[in-house]
Trainee: 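Sharing a structure with you now.
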There are 2 protein chains.
Amino acid sequence: MPTVSSEELATAAGVNSAKLRKDFSYLGSYGTRGVGYDVEYLVYQISRELGLTQDWPVVIVGIGNLGAALANYGGFASRGFRVAALIDADPAMAGKPVAGLPVRHTDELEAIISDNGVSIGVIATPAGAAQQVCDRLVAAGVTSILNFAPTVLSVPEGVDVRKVDLSIELQILAFHEQRKAGEDSASAAATASAARSGAGGVRSSASRKGPDGDVPAVMPA
Amino acid sequence: MPTVSSEELATAAGVNSAKLRKDFSYLGSYGTRGVGYDVEYLVYQISRELGLTQDWPVVIVGIGNLGAALANYGGFASRGFRVAALIDADPAMAGKPVAGLPVRHTDELEAIISDNGVSIGVIATPAGAAQQVCDRLVAAGVTSILNFAPTVLSVPEGVDVRKVDLSIELQILAFHEQRKAGEDSASAAATASAARSGAGGVRSSASRKGPDGDVPAVMPA
DNA sequence: CCATCTTTGTGCACGCGTTCACAAAGGCAT
DNA sequence: ATGCCTTTGTGAACGCGTGCACAAAGATGG
């Protein structure tokens, strides 16, 4: 039986072994003292806890370059996601195959959602269409939305929205790049806080009251 | 002079006003007691500290769907980034305009980097080509890399790599979605820790010793 | 010029996550 | 069967970030 110790895993992941053991302990006691963790069993338990063993049908709305890139992205299937449909507002796109799936028109959105029991939607439309698409997805029964459009979406209570800003990571790199060059005390002092904020997950939630910015509201557009 | 108080900003951003003031204080004392912060001046100071006032030439390597999406992404220019060149290995792509720029062949990579003083590179190639492209970028003088390919890149000390996994955000949504349905005590206990890890920034650094996974090493591929 | 009001900047305390350190547990060799 | 060795699981301490609360500072009105 292939096993692995918390120390090996911790070294490989670059974290503390005690933290790793404590995290695992929240899932139950799957380890064997003096031996370690049964790899296969551990993988299964973590996968199950994370929902990787479940089948998650998702729809991608907005089949531009980004939407097509997402449709072709192989990482989804292995993580338990199944692209149920690709949806676009352009009638010229309808029926055209992308990543092996025919693009469906926006008119069919509600039917697709309910027919496939979709609860997760991906928005890859231009900013202008995002809110409208979001509203329709929510009305059709979607309760989790991944938003690639550069807009803050407002959703009713109980709906989760995560916003992905492709330029934020680049901005973090530039910030560090800047510090590699000229260092002054002010920059150094600010780093800890700023870097942390930057590295934090980008998320928004209906529970927040105001227009929730992932970057400070004072940031120039 | 238009001003804004820490309280207003905090409410808009959904954070604590004391934290916001403390963060600003690391950049210096730019506020006026009894009045607030001069909006224009504050914006400038933050922009400068974050490197937004600087011009960052970047190259995008791998002009597939994702590369094209990035090239067309408007958010870069407004954040101080300038796409210096689009590079692809396919000779058939060479010269073809994407987002107003002619695609250049990989052979020109080194020349483009040095001619434009590029220090930040974006990799949007298939996984198989990523490490090779990375090595050439680094050799040519790039010191910060944004990696969209599903591979962990190894780089020499001093080079920053940030990895963007488009499926991670989706996975976090699915995790919460799963918890909306059936709740058991184990899931609830694990949530705090797991959600935090999931929300954390995806990053890797040359300072880490081993093959650094942003997801646990035991995660199924 | 003084009083009052507003808002900043920050010392301090609380809470939480991380890490240390060790007892308990299980395997394995003799 | 017994003792030793390895590794887990976790109680406790440490460190750090966040939030509270207030003194200092500046504006504003009388």
Side-chain angles (χ1 to χ4, degrees), chain A residues 1-43 45-46 49 185-186 188-201 203 207-209 212 216-218, chain B residues 1-43 45-46 49 185-186 188-201 203 208-209 212 214 216-218:
Chain A
M1 180 180 84
T3 61
V4 62
S5 72
S6 63
E7 188 54 44
E8 293 176 82
L9 284 175
T11 303
V15 298
N16 183 285
S17 66
K19 174 169 162 33
L20 194 143
R21 285 198 298 279
K22 189 160 282 187
D23 283 357
F24 282 3
S25 76
Y26 287 122
L27 311 181
S29 285
Y30 300 138
T32 306
R33 298 177 185 221
V35 177
Y37 298 87
D38 172 15
V39 173
E40 193 181 346
Y41 187 56
L42 184 63
V43 166
Q45 288 296 346
I46 294 179
E49 191 67 36
S185 58
T191 304
S193 177
R196 217 173 359 260
S197 303
R203 62 186 155 67
S207 64
R208 302 259 193 98
K209 291 296 179 283
D212 143 48
V218 293
Chain B
M1 180 180 83
T3 60
V4 62
S5 71
S6 63
E7 188 54 43
E8 292 176 85
L9 285 175
T11 303
V15 298
N16 184 285
S17 65
K19 174 168 162 36
L20 194 144
R21 286 199 298 279
K22 191 162 283 187
D23 283 356
F24 282 2
S25 76
Y26 287 120
L27 312 180
S29 286
Y30 299 139
T32 306
R33 298 177 186 221
V35 177
Y37 297 89
D38 174 15
V39 172
E40 193 182 347
Y41 189 55
L42 184 63
V43 166
Q45 288 296 345
I46 294 179
E49 190 67 36
S185 57
T191 304
S193 178
R196 218 177 354 265
S197 304
R203 61 185 156 65
R208 302 258 194 99
K209 289 298 178 282
D212 142 49
D214 297 299
V218 293

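Just so we're on the same page: letters track the sequence lines, and every chain starts at 1.
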Trainee: Under 4.0 Å from OP1 or OP2 of dG19(D): is there any side-chain N or O of K19(B) that close?
Mentor: no

Trainee: Roughly how many Å is it from OH in Y30(B) to C1' in dT8(C), rounded to a whole number?
Mentor: 15 Å

Trainee: Starting at CG of D38(B) and ending at P of dT8(C), how long is that distance when rounded to a whole Å?
Mentor: 13 Å

Trainee: Would you indicate whether the side-chain heavy atoms of I46(B) and L27(B) approach each other to under 4.5 Å?
Mentor: yes

Trainee: Output the single nucleotide from dT10(D), dC20(C), dT8(D) whose closest atom is nearest the side chain of Y37(A).
Mentor: dT8(D)

Trainee: Looking only at side-chain N and O atoms, does S29(A) come under 4.0 Å of OP1 or OP2 in dG9(D)?
Mentor: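 For dG9(D), OP1/OP2 do have a side-chain N/O of S29(A) under 4.0 Å.
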
Trainee: Taking donor-acceptor contacts at under 3.5 Å, does the side chain of R33(A) reach the base of dT8(D)?
Mentor: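 Present.
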
Trainee: What is the distance, rounded to the nearest whole Å, between atom CG of N16(B) and atom P of dA21(D)?
Mentor: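 Result: 11 Å.
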
Trainee: Measuring from atom CZ of F24(B) to atom OH of Y37(B), what distance do you get when rounded to the nearest 0.5 angstrom?
Mentor: 6.5 Å

Trainee: What contact category does S6(B) fall into here, base, sugar-phosphate, or nothing, at under 4.0 angstrom with non-hydrogen atoms?
Mentor: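 Sugar-phosphate contact only - S6(B) comes under 4.0 Å of backbone atoms but never of a base.
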
Trainee: Name the closest nucleotide to the A18(A) side chain, picking from dT7(D), dT19(C), dG26(C).
Mentor: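 Out of dT7(D), dT19(C), dG26(C), the nucleotide with an atom closest to A18(A)'s side chain is dT19(C).
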
Trainee: How many Å lie between CZ on F24(B) and P on dT7(C), as a whole number?
Mentor: 16 Å

Trainee: Against S6(B), only a single residue in D23(B), N16(B), L20(B) fulfils side-chain contact (heavy atoms from CB on, under 4.5 Å); can you say which?
Mentor: L20(B)

Trainee: Please pick, from dT10(C), dT7(D), dT18(C), the nucleotide with the shortest atom-to-atom distance to any side-chain atom of R21(B).
Mentor: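 It is dT10(C).
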
Trainee: What is the distance, to the nearest angstrom, from the CG atom on L27(A) to the P atom on dG9(D)?
Mentor: 11 Å

Trainee: Less than 4.5 Å apart, any side-chain heavy atom of L42(B) and any of L9(B)?
Mentor: yes

Trainee: For V15(A) and G31(B), find the nucleotide of DNA chain C closest to each by heavy atoms; which residue's nucleotide sits nearer the 5' end?
Mentor: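 Comparing both residues, the 5'-ward one is G31(B).
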
Trainee: Output the distance between atom CG (D38(B)) and atom CD (Q45(B)), rounded to the nearest 0.5 Å.
Mentor: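 These two atoms lie 10.0 Å from each other.
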
Trainee: So does K22(A) reach the base of dG17(C) with its side chain, donor to acceptor, closer than 3.5 Å?
Mentor: no

Trainee: Can you tell me the distance, in whole Å, between the CG atom of L20(B) and the P atom of dT7(C)?
Mentor: 14 Å

